[in-house]
Q: 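Before we start, here is the structure in question, set down as structure tokens.
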Protein chains: 2
Amino acid sequence: MDKERLKGNLDLLLLAVLEDGPAHGYAVITGLRERSEGGFDLPEGTIYPALHRLEQAGLLASDWTTNGGRRRRTYTLTPAGHRALAAERAGWQRFARGIFAVTGVAVTGAPA
Amino acid sequence: MDKERLKGNLDLLLLAVLEDGPAHGYAVITGLRERSEGGFDLPEGTIYPALHRLEQAGLLASDWTTNGGRRRRTYTLTPAGHRALAAERAGWQRFARGIFAVTGVAVTGAPA
DNA sequence: TGTCCATGCCTAGTGAAACTAGGCATCGTG
DNA sequence: CACGATGCCTAGTTTCACTAGGCATGGACA
């Protein structure tokens with residue numbers, strides 16, 4: 001998957017994953033990988049700073065839990081996060097429609 | 001239109017515009033603006049360096065013409081440019097399908 | 001006649017976003 | 001007991017598009 005294209009869309013992806021329920025960073029990474037069937041296999045250096053940024057922005061709330069001896073930081077969407085997700089989805093759709101208008105490439109779920 | 005999302009998609013847009021026939025830089029800018037109904041209103045500082053880069057990469061060929069007293073540099077898609085455009089379209093579709101898989105946002109031409 | 005806007009080209013430096021590459025710790029398995 | 005998977009973190013780099021400036025011509029309008 002093209003890395004450059006990800007720019008500007010990372011928040012959308014993270015918020016969408018967390019929409020299905022709270023998760024910790026590592027689970028977000030694996031969840032993203034699974035949902036996209038390997039398409040989005042993002043490094044930790046991308047995910048963790050982004051989660052911190054989203055929390056800083058008030059879109060996520062986090063709390064520490066311990067599973068066995070491993071500490072996890074679990075993130076949950078805040079109400080502002082839900083609103084931001086909706087805005088991100090709309091923004092993505094606007095952009096993708098622009099691309100369609102210029103290139104003629106439409107996108108649905110099914111492969112060609 | 002979100003500026004960050006453009007990253008990685010600029011070549012696709014430029015090549016797609018030039019697919020309809022040769023054009024000079026300024027015409028690419030206005031063509032892009034019209035096709036997207038104002039969505040992609042990109043500054044010259046974005047377009048010109050990108051066209052130079054694409055020519056350097058062998059995807060475009062250019063020649064100077066003069067219209068009245070105004071000099072224009074007209075760009076044409078090379079065969080490699082056509083192939084690159086096809087690859088860009090495929091890359092975009094792959095990416096957009098990944099986004100769909102994660103977020104559920106499908107994109108067709110028609111607005112909601 | 002002079003000024004201003006659209007046309008038309010260009011580039012050095014900035015800024016924003018994700019990534020690289022490293023560090024640290026625990027747990028299970030061979 | 002070593003190594004991979006789990007799990008967290010951050011400083012610095014890279015990679016893109018953009019900002020902000022420069023330059024020139026032609027037409028319209030005062």
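Lettering follows sequence order; numbering is per chain, from 1. A quick note: this is a predicted structure, and the numbers were derived from the prediction, not measured.
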Q: With sequence neighbours excluded, tell me which residues meet side chain to side chain donor-acceptor pair (under 3.5 Å) with A:Arg94.
A: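 Once residues adjacent in sequence are excluded, A:Arg94 has no partner under the side chain to side chain donor-acceptor pair (under 3.5 Å) criterion.
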Q: Which residues pass the side chain to side chain contact (heavy atoms under 4.5 Å, CB included) test with A:Ala101, sequence neighbours left out?
A: none
Q: Closest-nucleotide mapping onto DNA chain C: is A:Pro43 or A:Gly69 further toward the 5' terminus? I mean the 5' end.
A: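 Taking each residue's closest nucleotide, the earlier one in sequence belongs to A:Pro43.
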Q: Would you give me the side-chain donor-acceptor pairs under 3.5 Å for residues 32-39 of chain B, sequence neighbours excluded?
A:
from: B:Arg33; atom 1: NH1; to: B:Asp41; atom 2: OD1; distance (Å): 2.9
from: B:Arg35; atom 1: NH1; to: A:Val102; atom 2: O; distance (Å): 2.9
from: B:Arg35; atom 1: NH2; to: B:Val17; atom 2: O; distance (Å): 3.4
from: B:Arg35; atom 1: NH2; to: B:Asp20; atom 2: OD2; distance (Å): 2.9
from: B:Ser36; atom 1: OG; to: B:Leu32; atom 2: O; distance (Å): 2.8
from: B:Ser36; atom 1: OG; to: B:Arg33; atom 2: O; distance (Å): 3.4
from: B:Ser36; atom 1: OG; to: B:Gly39; atom 2: N; distance (Å): 3.2
from: B:Ser36; atom 1: OG; to: B:Phe40; atom 2: N; distance (Å): 2.8

Q: Could you pull out all residues at least two apart from B:Glu19 that satisfy salt bridge (charged side-chain N to carboxylate O under 4.0 Å, His left out)?
A: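 Listed in chain order: B:Arg89.
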Q: Going by heavy atoms closer than 4.0 Å, what residues in residues 6-20 of chain A are next to DNA chain C?
A: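 Listed by number, they are A:Leu6, A:Lys7, A:Gly8, A:Leu10.
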Q: Could you list all the salt bridge (charged side-chain N to carboxylate O under 4.0 Å, His left out) pairs where at least one residue sits in residues 61-70 of chain A, not counting sequence neighbours?
A: none
Q: Quick one: ring pair (Phe, Tyr, Trp, His ring centres under 6.0 Å) pairs with a partner in residues 42-76 of chain B, sequence neighbours left out?
A: none
Q: Could you tell me whether the side chain of A:Thr78 and the main chain of A:Leu59 form a donor-acceptor pair under 3.5 Å?
A: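 Yes, A:Thr78 side chain to A:Leu59 backbone: donor-acceptor pair under 3.5 Å.
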Q: Sequence neighbours left out, what passes side chain to side chain donor-acceptor pair (under 3.5 Å) with A:Asn9? Give chain and number order.
A: B:Arg5
Q: Dump every N/O contact between nucleotides 3-5 of chain C and the protein below 3.5 Å, one line per pair.
A:
none

Q: Could you list all the salt bridge (charged side-chain N to carboxylate O under 4.0 Å, His left out) pairs where at least one residue sits in residues 77-87 of chain B, not counting sequence neighbours?
A: none
Q: One character per nucleotide, please: for nucleotides 1-9 of chain D, 5' to 3', B when the base has a protein heavy atom closer than 4.0 Å, S when only the sugar-phosphate does, - otherwise.
A: -----BBBB
Q: Tell me which pairs pass salt bridge (charged side-chain N to carboxylate O under 4.0 Å, His left out) where either residue lies in residues 71-80 of chain B, with sequence neighbours left out.
A: B:Glu55-B:Arg73
